[in-house]
Structures are given as structure tokens and as C-alpha cells.
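Okay, structure first, notes after.
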Amino acid sequence: MTDQWERNRLNFEGIWQGTSQWYVRQDDGELSLNQPTTVVDHTRYAISFEDADTGLWDGTGLFLAPGGAAQYPLSRSNYNASGACWQFEAAGGQSSLEVPTDLPRFGHEINLFCGRSRSMLVLLWKPDGRDWRLNAIGAVAFRCQLSNEKEPARPQPSSIEALLAPLHGCSGVVERFRPQAGLSGRPSTPEPIRWDPQRFLQAEVRGVFADGLVCGVPERLPSGGFELEVGCLQPSRFQQLSIVFDQHHKLQCWERRWFSLDQG
């Protein structure tokens, strides 16, 4: 069976290029999702593998990295040593495993794939007094430059309600993955579910971004348990990634929901 390292390679190998759109809280305290505060036209992640056990992550046009570029070696031997990475079929990323007490950032990177399209959303909270306040959201519609067929840009819905409308009455499945260091972790057996828009619509911060990306998250992290919801409307399906934290602010699991839009 496919382990977490192999699933990482299947999901991420490629030359991914797209436009980064960042929404950052301004000095006056406002975080507006109406239009990005920064746009990087040529964000490029080249993720290659020399063999079955080693590879290289080479990024340019990066918003957060010094000088806009970075390189990291990839290795089966130390992949996911912290347990912060997660991989499902056609979905993967990394998360802060707890709300930190001594770090400047609480963050999550979610990637939802469709063929050789990769829709990425980054969520970042920063300390604000005694609270953690949502500071920035980054969205990128990546397309793999190694693919002969590139999916065109997806329509931009006018609102979160318009984006979610095609899902009314849909059924799907949910599978869970719990944090664990190393390669052996696998998602749970899929379970049938019905579509529930309230996971997004009841959230404090609701946003719609490029490539059909959507989120429903708290602006200030609550004192008890909470969930972060990220989704993506793809040509024939909707993928949803829920990140579940308990009352002690420890990450309990990632939940990947999948809904087919072709249900007759």
C-alpha cells in the first residue's frame, strides 16, 4: 500500500507555476478579502525526485521566504519527522500541530489536486495581545508545466453562497488522518456523508479565492476547541479539508471530504 512518502511524491512531483494572491492584515487592523494586498505573478515550485528515496523542493516567487526563493532537500529517511504533514489521495499539506506558546506563527498549508492542477491555500495567525488573530491568507492556482494538457482558469463565483450552491443535496465520503510522525500513517476507511454548507457559512471569516478555493475559519482562535474549513470547487467534484483542534488546542485529525457533482 502507498505510504505517506509515496503519496507525497504522487501528489506533489511536478513543476508548479501560478500567480500568488496574498491578503494581509494592514497596519490599521483591517484584513479585507475583497482584493489581494500583494500579487506575485510567477510563483514556481519545482519538486523533483532523483530516485525513490530523495528529491529536491526548489521554489521561486515566494512571498514569505527571504529573497523570494528557497531550496529544501527531500528524503524518505526524514520525511514527516514532526508528524505535521498529511497526505490523502489528491490532497496534502502541513499544519501547526498546536497553538504555540513560544512561536510567532500558527499556520496551515492546504493543497487540493485535480489531475495536474494544484489549488493551494495558506492560512496564518499571529499573536495579537493575548489572542491569536488571523493575519494573512495566500491563494495560488498552480498548473504543472510538465503536463501537456493544462486546465484553464476556473470561473470566479460572486460569493461563497454561489460557489457552494452546486453542492445542495450532494452525498459524499469522509476519511480521517491523525497526526503521527513517519511514513506509515494511512487515512481511515471512507464513510458516507451528506453535504453540510454550515461548516463554511457559520464561520467567522468566510472567503472565496482563485481556482474555486474557499475557507471558513475563526478570526481569533477561540479558547476551546475549533475547526478550520478549506474547500475547492473542481470541475466535477468538491474537496473539503477540515482541521480539527481539541479544547487544549492540540490538532486531533485532518478530515478530507469528497463530493461528486455528477450525481444524476
Side-chain angles (χ1 to χ4, degrees), residues 11-12 14-26 30-45 47 57 59-65 68 70 86 90-96 105-126 133-145 150-164 167 199-201 203-219 227-235 237-243 254 256-257:
N11 281 337
F12 285 94
I15 299 178
W16 304 99
Q17 190 162 307
T19 298
S20 301
Q21 298 181 340
W22 283 90
Y23 304 78
V24 180
R25 190 174 298 281
Q26 300 302 290
E30 182 183 11
L31 175 61
S32 173
L33 303 184
N34 293 327
Q35 60 182 16
T37 54
T38 301
V39 175
V40 184
D41 288 327
H42 300 293
T43 297
R44 185 177 185 269
Y45 292 1
I47 303 172
W57 188 99
T60 55
L62 310 180
F63 178 62
L64 296 174
W86 53 273
Q94 55 187 325
S95 293
S96 295
R105 184 180 297 161
F106 172 75
H108 303 267
E109 178 193 311
I110 299 95
N111 297 274
L112 302 172
F113 297 87
C114 181
R116 291 286 80 192
S117 298
R118 170 185 174 186
S119 308
M120 184 179 83
L121 198 72
V122 176
L123 301 166
L124 298 174
W125 283 259
K126 287 188 175 182
R133 194 179 190 190
L134 184 62
N135 180 259
I137 299 177
V140 190
F142 284 117
R143 300 294 183 264
C144 181
Q145 302 304 295
K150 296 183 180 63
E151 183 192 338
R154 297 171 189 163
Q156 182 73 20
S158 57
S159 66
I160 188 171
E161 290 81 6
L163 185 144
L164 299 178
L167 289 153
R199 287 179 169 270
F200 288 98
L201 297 180
E204 185 178 8
V205 176
R206 301 172 297 277
V208 176
F209 308 94
D211 228 24
L213 285 161
V214 59
C215 76
V217 299
E219 179 176 1
E227 296 187 17
L228 311 176
E229 305 291 345
V230 173
C232 188
L233 185 63
Q234 299 170 333
R237 67 183 179 185
F238 182 83
Q239 283 203 78
Q240 180 178 351
L241 196 284
S242 305
I243 309 175
W254 297 273
R256 183 237 188 188
R257 291 171 172 81

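Heavy atoms only: backbone and side chains are in, while hydrogens, waters and symmetry mates are out.
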Nearest heavy atoms of [X] and [Y], plus distance in Å:
| X | Y | answer |
| --- | --- | --- |
| W254 | S95 | NE1-OG, 3.0 Å |
| L31 | N135 | CD1-O, 4.0 Å |
| G61 | V40 | O-CG1, 3.3 Å |
| L213 | A139 | CD1-CB, 4.2 Å |
| G14 | C144 | CA-SG, 3.9 Å |
| P218 | L228 | CD-CD2, 3.6 Å |

Check whether Q35 reaches the backbone of L33 with its side chain - one donor and one acceptor, N or O, closer than 3.5 Å.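 A pair under 3.5 Å: no.
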S20 side chain vs V140 backbone, donor-acceptor pair below 3.5 Å: no
Salt bridge (Lys or Arg N to Asp or Glu O under 4.0 Å) partners of [X], counting only residues at least two apart:
| X | result |
| --- | --- |
| E204 | none |
| R199 | E227, E229 |
| E151 | R154 |
| R25 | E219 |

Pairs touching residues 117-126 that satisfy salt bridge (charged side-chain N to carboxylate O under 4.0 Å, His left out), sequence neighbours left out: E109-R118
Residue list, side chain to side chain contact (heavy atoms under 4.5 Å, CB included) with D41, at least two apart or on another chain: T19, V39
Run the side chain to side chain contact (heavy atoms under 4.5 Å, CB included) test against E161 and tell me which residues pass, sequence neighbours left out.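 Side chain to side chain contact (heavy atoms under 4.5 Å, CB included) check on E161 returns S159, L201.
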Pick out which of V122, I243, L121, N111 makes a side chain to side chain contact (heavy atoms under 4.5 Å, CB included) with V230. L121
Which of these, C114, S117, S119, sits in a side chain to side chain contact (heavy atoms under 4.5 Å, CB included) with C232?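 Testing C232 for a side chain to side chain contact (heavy atoms under 4.5 Å, CB included) against C114, S117, S119 leaves exactly one candidate, S119.
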Worked verdict on R44 versus I15 for side chain to side chain contact (heavy atoms under 4.5 Å, CB included): CA-CA 7 Å; R44 185 177 185 269; I15 299 178; 3.5 Å; yes
Residues forming a ring pair (Phe, Tyr, Trp, His ring centres under 6.0 Å) with Y45, sequence neighbours excluded: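 Y45 satisfies ring pair (Phe, Tyr, Trp, His ring centres under 6.0 Å) with W57, F142 only.
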Taken in chain and number order and not counting sequence neighbours, the residues that satisfy ring pair (Phe, Tyr, Trp, His ring centres under 6.0 Å) with F63 are W22
My understanding is that only residues two or more places apart in sequence, or in another chain, count here; which of them pass side-chain hydrogen bond (donor to acceptor under 3.5 Å, both in side chains) with [X]?
| X | result |
| --- | --- |
| R206 | none |
| R116 | none |
| W16 | none |

For side chain to side chain contact (heavy atoms under 4.5 Å, CB included), just list the numbers for W125 and H108, CA-CA rounded to whole Å, side-chain angles, deciding distance to a tenth of an Å, and then say yes or no. CA-CA 9 Å; W125 283 259; H108 303 267; 4.1 Å; yes
Once rounded to the nearest 0.5 Å, what's the spacing between atom [atom1] of [X] and atom [atom2] of [Y]?
| X | Y | atom1 | atom2 | value |
| --- | --- | --- | --- | --- |
| L124 | I137 | CG | CD1 | 9.0 Å |
| Q240 | F238 | CD | CZ | 5.5 Å |
| Q239 | I110 | CD | CD1 | 12.0 Å |

What do the steps show when you test D211 against Q21 for side chain to side chain contact (heavy atoms under 4.5 Å, CB included), and what is the final call? CA-CA 11 Å; D211 228 24; Q21 298 181 340; over 6 Å; no
